[in-house]
Asker: 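The structure is given below, and queries will be raised subsequently.
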Amino acid sequence: MKLNPKTNDAYRLLHDGALALARAEQQGIRLDEAYAKRKHFQLSKKIEILEAKFRKSTFCEEWRLSIGGKSPNIYSNAQLSYFLYKIKKLRPASATQSGQGSTDEDSLSQLNIPELDILLQIRKLKKIRDTYLEGFVREAVDGIIHPSFNLHLVRTFRSSSDRPNFQNIPKRDKEAMMICRKALFPRPNHQLIEVDLSGAEVRIAACYHQDPTMIKYINDPTADMHADMASQLFMIDHFDKSLPEHKYLRSATKNGFIFPQFYGDYYKNCAENMAHKWGKLSKGRWKSGQGIAMPNGSLSDHLISKGIKSLEAFETHVKKIEDDFWGRRFRVYAKWKDRWYARYLRYGYVDLFTGFRCSGIMSRNDSINYPIQGTAFHCLLFILTALDKEIFRNGWESRIISQVHDSIIIDVEPRELSLIINTIKYITAVDLPKTWNWINVPIEMAIETAEVNRSLAYIK
DNA sequence: GGAACTCGCCAC
DNA sequence: AAACGTGGCGAGTTCC
């Protein structure tokens with residue numbers, strides 16, 4: 001891509017940011033190599049056993065015969081797709097970009113073939129072993145990993161990371177998270193901490209569109225956008241966050257409706273995902289007792305009692321809520337999106353508050369998303385750079401070691417912990433809005449810490 | 001034998 | 001009118 005900072009300030013941010021990130025790269029992260037190799041071995045054993053089990057199955061035997069008695073390559077999705085959808089003539093749940101029947105996790109599990117679950121288990125373990133553990137060991141020099149952080153590769157002016165990529169280490173899946181993150185340590189007698197720009201993109205978006213409803217949600221600690229939308233989408237009369245069922249639907253709404261809507265998704269996808277992926281409801285007409293549990297019965301019973309009896313009816317319902325979301329609740333935001341895209345069509349570029357310019361061919365969603373993503377990252381980079389400067393100015397031992405778009409990971413000398421935290425808070429609350437006066441909502445950093453000598457798996 | 005592709009899957 | 005944004009990487013496959 002063409003790097004196109006428009007102003008001297010934009011150039012300075014990248015220059016100073018690159019120096020700070022270079023120091024993080026040079027510092028690196030300690031790898032417990034013996035652990036990584038031990039885990040690698042254990043995973044190989046497990047994979048071997050699962051593979052043997054799979055190869056003994058009638059399903060695999062059928063597959064073998066279908067290709068003339070050759071041993072199938074169980075890691076070839078092309079072969080698997082051919083066997084499932086051309087030989088066995090099963091109906092693929094979805095298609096890949098090139099139109100082939102898909103063999104991703106969602107599609108395979110919908111076929112309800114027990115042997116395929118073994119295959120999915122193998123895939124998961126191989127991902128952990130080959131991408132993460134093997135990558136860590138391959139890239140370590142004298143027991144230290146030095147990942148690269150790039151500022152010049154991403155269309156939105158975010159960063160990327162490689163050799164190894166330190167921005168996609170498993171976190172959500174508990175098992176994968178523990179195996180991978182237990183390999184990574186601070187220097188001896190130090191502790192790892194992670195500071196996170198909370199709701200970075202939503203807040204930065206608000207600086208652009210200045211929607212009063214959104215600004216209220218951000219400023220009012222008692223307001224809860226996700227809960228409000230969950231109540232509306234699932235027709236919950238009295239939302240109660242202390243009920244696990246309501247808490248689950250709140251998180252489903254956040255990840256299945258609100259964020260996708262902000263990225264430019266539309267009601268049909270949202271409705272399908274909310275019903276199927278999160279609500280565990282079938283396609284078509286619903287029966288009693290289906291879906292996830294609710295305080296009184298199942299989700300299907302609850303929705304049927306509200307007059308929504310099928311996925312199609314739910315889609316219509318979600319469409320109405322989407323119209324309300326953009327047409328009433330966040331209408332200022334919606335109007336900003338229209339104006340913003342119109343301006344891109346007219347000029348062929350969009351400018352960021354931070355002095356960068358995104359140009360080139362963009363979709364409507366791109367033209368809206370890029371500046372928000374980029375600007376949110378620039379806030380993080382500003383904080384990271386200023387913190388790095390303070391660390392060296394004061395001669396502290398603590399070191400920034402990594403960064404993941406809206407968070408910074410620091411290897412902290414325990415006696416400096418409160419100095420580091422106070423410095424970050426000051427930079428975020430005072431220096432940042434003073435430097436960039438277009439910031440008109442509070443920007444906050446949340447801090448999580450691990451105890452001394454504990455791995456990245458224990459940050460909380 | 002390597003470049004470029006597809007697919008799947010990890011993160012934000 | 002159209003319809004989810006950004007990356008990196010491993011394995012398999014295709015092309016030259």
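Chain letters run A, B, ... following the sequence lines, proteins first and then strands; every chain starts at 1.
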Asker: Do A/Phe157 and A/Phe377 make the cut of ring centroids closer than 6.0 angstrom?
Answerer: no
Asker: Any donor-acceptor pair, under 3.5 Å, between the side chain of A/Lys127 and the base of B/dC9, if you only look at N and O atoms?
Answerer: yes
Asker: Please find out if less than 6.0 Å separates the ring center of A/Phe149 from that of A/Phe166.
Answerer: no
Asker: A/Ser407 near the nucleic acid: base, sugar-phosphate alone, or nothing, with a heavy-atom cut-off under 4.0 Å?
Answerer: nothing
Asker: Side chain of A/Pro170, heavy atoms from C-beta onward: which of C/dG5, B/dC10, B/dC7 has the nearest atom to it?
Answerer: B/dC10
Asker: NA contact type, A/Asp265, heavy-atom cut-off 4.0 Å: base, sugar-phosphate, or nothing?
Answerer: base
Asker: On the nucleotide B/dG8, are OP1 or OP2 found under 4.0 Å from the side-chain N or O atoms that A/Ser102 carries?
Answerer: yes
Asker: B/dA11 phosphate, OP1 or OP2: any side-chain N/O from A/Asn165 under 4.0 angstrom?
Answerer: no
Asker: Give the rounded distance in Å between these two atoms: CD1 of A/Ile47 and P of C/dA11.
Answerer: 10 Å
Asker: Between C/dT6 atom P and A/Leu381 atom CG, what is the distance in whole Å?
Answerer: 20 Å
Asker: Taking any heavy-atom pair under 4.0 Å as a contact, classify A/Pro260: base, sugar-phosphate, or nothing.
Answerer: base
Asker: Just call it for A/Arg129: base, sugar-phosphate, or nothing, with non-hydrogen atoms closer than 4.0 Å on any strand.
Answerer: nothing
Asker: Report yes if a side-chain nitrogen or oxygen of A/Arg181 is closer than 4.0 Å to either non-bridging phosphate oxygen (OP1 or OP2) of B/dC10; otherwise report no.
Answerer: no
Asker: A/Ser161 near the nucleic acid: base, sugar-phosphate alone, or nothing, with a heavy-atom cut-off under 4.0 Å?
Answerer: sugar-phosphate
Asker: Between P on B/dC12 and CD on A/Gln167, what's the gap in Å once rounded to a whole number?
Answerer: 10 Å
Asker: Heavy atoms from C-beta onward define the side chain here; which of C/dG5, C/dG10, C/dT6 lies closest to that of A/Arg155?
Answerer: C/dT6
Asker: Would you verify whether the NZ or CZ of A/Lys335 falls within 45 degrees of the ring axis of A/Trp340 while also being under 6.0 Å from that six-membered ring's centre?
Answerer: no
Asker: Please pick, from C/dG7, C/dC9, B/dG8, the nucleotide with the shortest atom-to-atom distance to any side-chain atom of A/Arg163.
Answerer: C/dC9
Asker: A/Glu322 and A/Tyr267: which non-hydrogen atoms are nearest, and at how many Å?
Answerer: OE2-N, 2.6 Å
Asker: OP1 or OP2 of C/dT13 sitting under 4.0 Å from any side-chain N/O of A/Ser76?
Answerer: yes
Asker: At under 4.0 Å between heavy atoms, what does A/Ser81 touch on the DNA or RNA strands: base, sugar-phosphate, or nothing?
Answerer: nothing
Asker: For the residue pair A/Tyr370 and A/Arg155, what are the closest heavy atoms and their distance?
Answerer: OH-NE, 3.0 Å
Asker: Expressed in angstrom and rounded to an integer, what is the separation of A/Tyr263 atom OH from C/dG7 atom C1'?
Answerer: 12 Å
Asker: Scan A/Tyr370 against the nucleic acid and name what it touches under 4.0 Å (heavy atoms): base, sugar-phosphate only, or nothing.
Answerer: sugar-phosphate
Asker: Would you mind reading off the distance between A/Asn77 atom CG and C/dG10 atom P, rounded to a whole angstrom?
Answerer: 17 Å
Asker: Can you tell which of C/dG12, C/dC9, C/dT6 lies closest to the side chain of A/Asp162?
Answerer: C/dC9
Asker: Measure CD1/A/Ile258 against C1'/C/dG5 and give the value in whole Å, please.
Answerer: 17 Å
Asker: Counting side-chain heavy atoms from C-beta on, which of B/dC7, C/dG8, B/dC12 comes nearest to A/Arg158?
Answerer: B/dC12
Asker: Looking at A/Ser160, I'd like to know whether one of its side-chain N or O atoms comes within less than 4.0 Å of OP1 or OP2 on C/dG8.
Answerer: yes
Asker: Between B/dG8, B/dT6, B/dA11, which nucleotide gets closest to the side-chain atoms of A/Lys171?
Answerer: B/dA11
Asker: Quick one: does NZ or CZ of A/Arg454 land under 6.0 Å from the six-membered ring centre of A/Tyr458, within 45 degrees of the ring axis?
Answerer: yes
Asker: When the distance from CZ of A/Phe377 to P of C/dG5 is rounded to whole Å, what number comes out?
Answerer: 21 Å
Asker: Which of these nucleotides, C/dG5, B/dC10, B/dC7, is closest to any side-chain atom of A/Asn369?
Answerer: C/dG5
Asker: Is there, by distance only and without an angle test, a donor paired with an acceptor across the side chain of A/Gln373 and the base of C/dG5 below 3.5 Å?
Answerer: yes
Asker: Using a 4.0 Å heavy-atom cut-off, does A/Arg172 contact any base of the nucleic acid, only the sugar-phosphate backbone, or nothing at all?
Answerer: base
Asker: Assign A/Glu105 to base, sugar-phosphate, or nothing according to its heavy-atom contacts below 4.0 angstrom with the strands shown.
Answerer: sugar-phosphate
Asker: What contact category does A/Glu134 fall into here, base, sugar-phosphate, or nothing, at under 4.0 angstrom with non-hydrogen atoms?
Answerer: nothing
Asker: Phosphate oxygens OP1/OP2 of B/dG8: is one of them under 4.0 Å from a side-chain N or O of A/Arg123?
Answerer: no
Asker: Where do A/Pro92 and A/Leu90 come nearest, in terms of heavy atoms and distance?
Answerer: CD-O, 3.4 Å
Asker: Check the distance between C/dG5's C1' and A/Tyr266's OH and give it to me in whole angstrom.
Answerer: 17 Å
Asker: Is the distance between the ring centroids of A/Phe356 and A/His378 under 6.0 Å?
Answerer: yes
Asker: Classify the nucleic acid contact of A/Ile169 as base, sugar-phosphate or nothing, counting any heavy atom under 4.0 Å across all strands shown.
Answerer: sugar-phosphate
